[in-house]
Protein chains: 2
Amino acid sequence: MSAIDSTAILPKLKFNADGLVPAIAQQFDTGEVLMMAWMNAQSVAETLETGRVCYFSRSRGGLWRKGETSGQQQRLKDFLIDCDGDTILLKVDQDGVACHTGRRTCFYTAARPEGLTEVATVLVSPDELYKK
Amino acid sequence: MSAIDSTAILPKLKFNADGLVPAIAQQFDTGEVLMMAWMNAQSVAETLETGRVCYFSRSRGGLWRKGETSGQQQRLKDFLIDCDGDTILLKVDQDGVACHTGRRTCFYTAARPEGLTEVATVLVSPDELYKK
């Protein structure tokens, strides 16, 4: 995806009191919802500029370039804003797995009548992912 | 979907300081991401019990039974929790349109190199939707 100037985009976003907006990552071709994380203005600008998805890590308090440790990057295919500008939908091409548990998606636990059920398997061991 | 007892589910969810957790609604068969809204414990319990999606409206400060005014209900097909329990993915069957603007999805504005671009059309006029 070509670099996009964020100066026209940022004023359309409603950041919360912490300066963050939630961003949903969806695999662009299969439609699978991979994860939800947060972005600040700087991570939005970097993502649009570079075409590699960069979040804001609330636990680390800094930019989180997805895949910088694990190698499992997200290439931006499309960047969508919702009707009231307070949520982003990132259509991405995910390298490998999105979840730190080694599963393709973070949404692998389903609430079913029979109880909580795992619906996605571990594809890569977290030790391998993070070279522990 | 059969009624699900929420007592085993609620302890797995990490509600924020306002007692809310973000919930992504995805059309179960097409994979389209329709909207993102918030749920509190009561709306989670009601959604699992009834199979009709109920959010918590931050603007109104109360339960928001999706479609109660517009008729555009969401029937629950699956209820997924992410790896750290702070986001819900609702697989739903959406009656009509999800967005209050009369579009199928709230994510109809794309950031493209040529500028902000509308990528979904109005299917129902909001006046018709809300019988103004």
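Naming: A, B, ... by sequence-line order, numbering from 1 per chain. Just so it is clear, the values below take in all heavy atoms, side chains as well, and ignore hydrogens, waters and symmetry mates.
Under the 4.5 Å side-chain heavy-atom criterion for grouping Ile, Leu, Val, Met, Phe, Trp and Tyr, B:Leu123 is not connected to B:Tyr108 through any hydrophobic cluster. B:Leu10 and B:Leu76 fall within the same hydrophobic cluster, where Ile, Leu, Val, Met, Phe, Trp and Tyr residues are linked whenever their side-chain heavy atoms come under 4.5 Å apart, directly or through other members. When the side chains of ILVMFWY residues are joined at heavy-atom separations under 4.5 Å, either directly or via intervening members, B:Val97 and B:Phe107 end up in two distinct hydrophobic clusters. Note on A:Ile4 and A:Val44: same hydrophobic cluster, where clusters join Ile, Leu, Val, Met, Phe, Trp and Tyr whose side-chain heavy atoms are under 4.5 Å apart, directly or indirectly. In the hydrophobic cluster analysis, where Ile, Leu, Val, Met, Phe, Trp and Tyr join through side-chain heavy atoms closer than 4.5 angstrom, B:Leu48 is grouped together with B:Val53.
For residues 11-24 of chain A, the interface with chain B (any heavy-atom pair closer than 4.5 Å) comprises A:Lys12, A:Pro22, A:Ile24, sorted by residue number. Chain B is approached within less than 4.5 Å, heavy atom to heavy atom, by A:Asp86, A:Thr87, A:Ile88, A:Leu89 from residues 84-95 of chain A, ordered by number.
Taking B:Glu118 as the reference, B:Arg103 meet the salt bridge (charged side-chain N to carboxylate O under 4.0 Å, His left out) condition, with sequence neighbours excluded. With sequence neighbours excluded, the residues forming a ring-ring contact (aromatic ring centres under 6.0 Å, His included) with B:Trp64 are B:Tyr55, listed by chain and number.
Considering only heavy-atom pairs separated by less than 4.5 Å from chain B, the leading option among A:Thr117, A:Thr101, A:Val33 is A:Val33. For the set A:Ala111, A:Gly115, A:Gly31, the entry with the most heavy-atom pairs within less than 4.5 Å of chain B is A:Ala111.
More than 12 heavy atoms of other shown residues, nucleotides or ligands fall within 6.0 angstrom of atom CD in A:Glu32.
Between A:Met36 atom CE and B:Asp82 atom CG the span is 7.5 Å, to the nearest 0.5 Å.
The closest side-chain heavy-atom distance from B:Leu80 to A:Val119 is below 4.5 Å. Taking the side chain as every heavy atom from C-beta outward, A:Ile81 and B:Leu116 approach each other to under 4.5 Å.
Heavy atoms closer than 4.5 Å to chain B are found in the backbone of A:Ala8, but not in its side chain.
Heavy-atom minimum distance, B:Arg112 versus A:Asp78: NH2-OD2, 2.7 Å.
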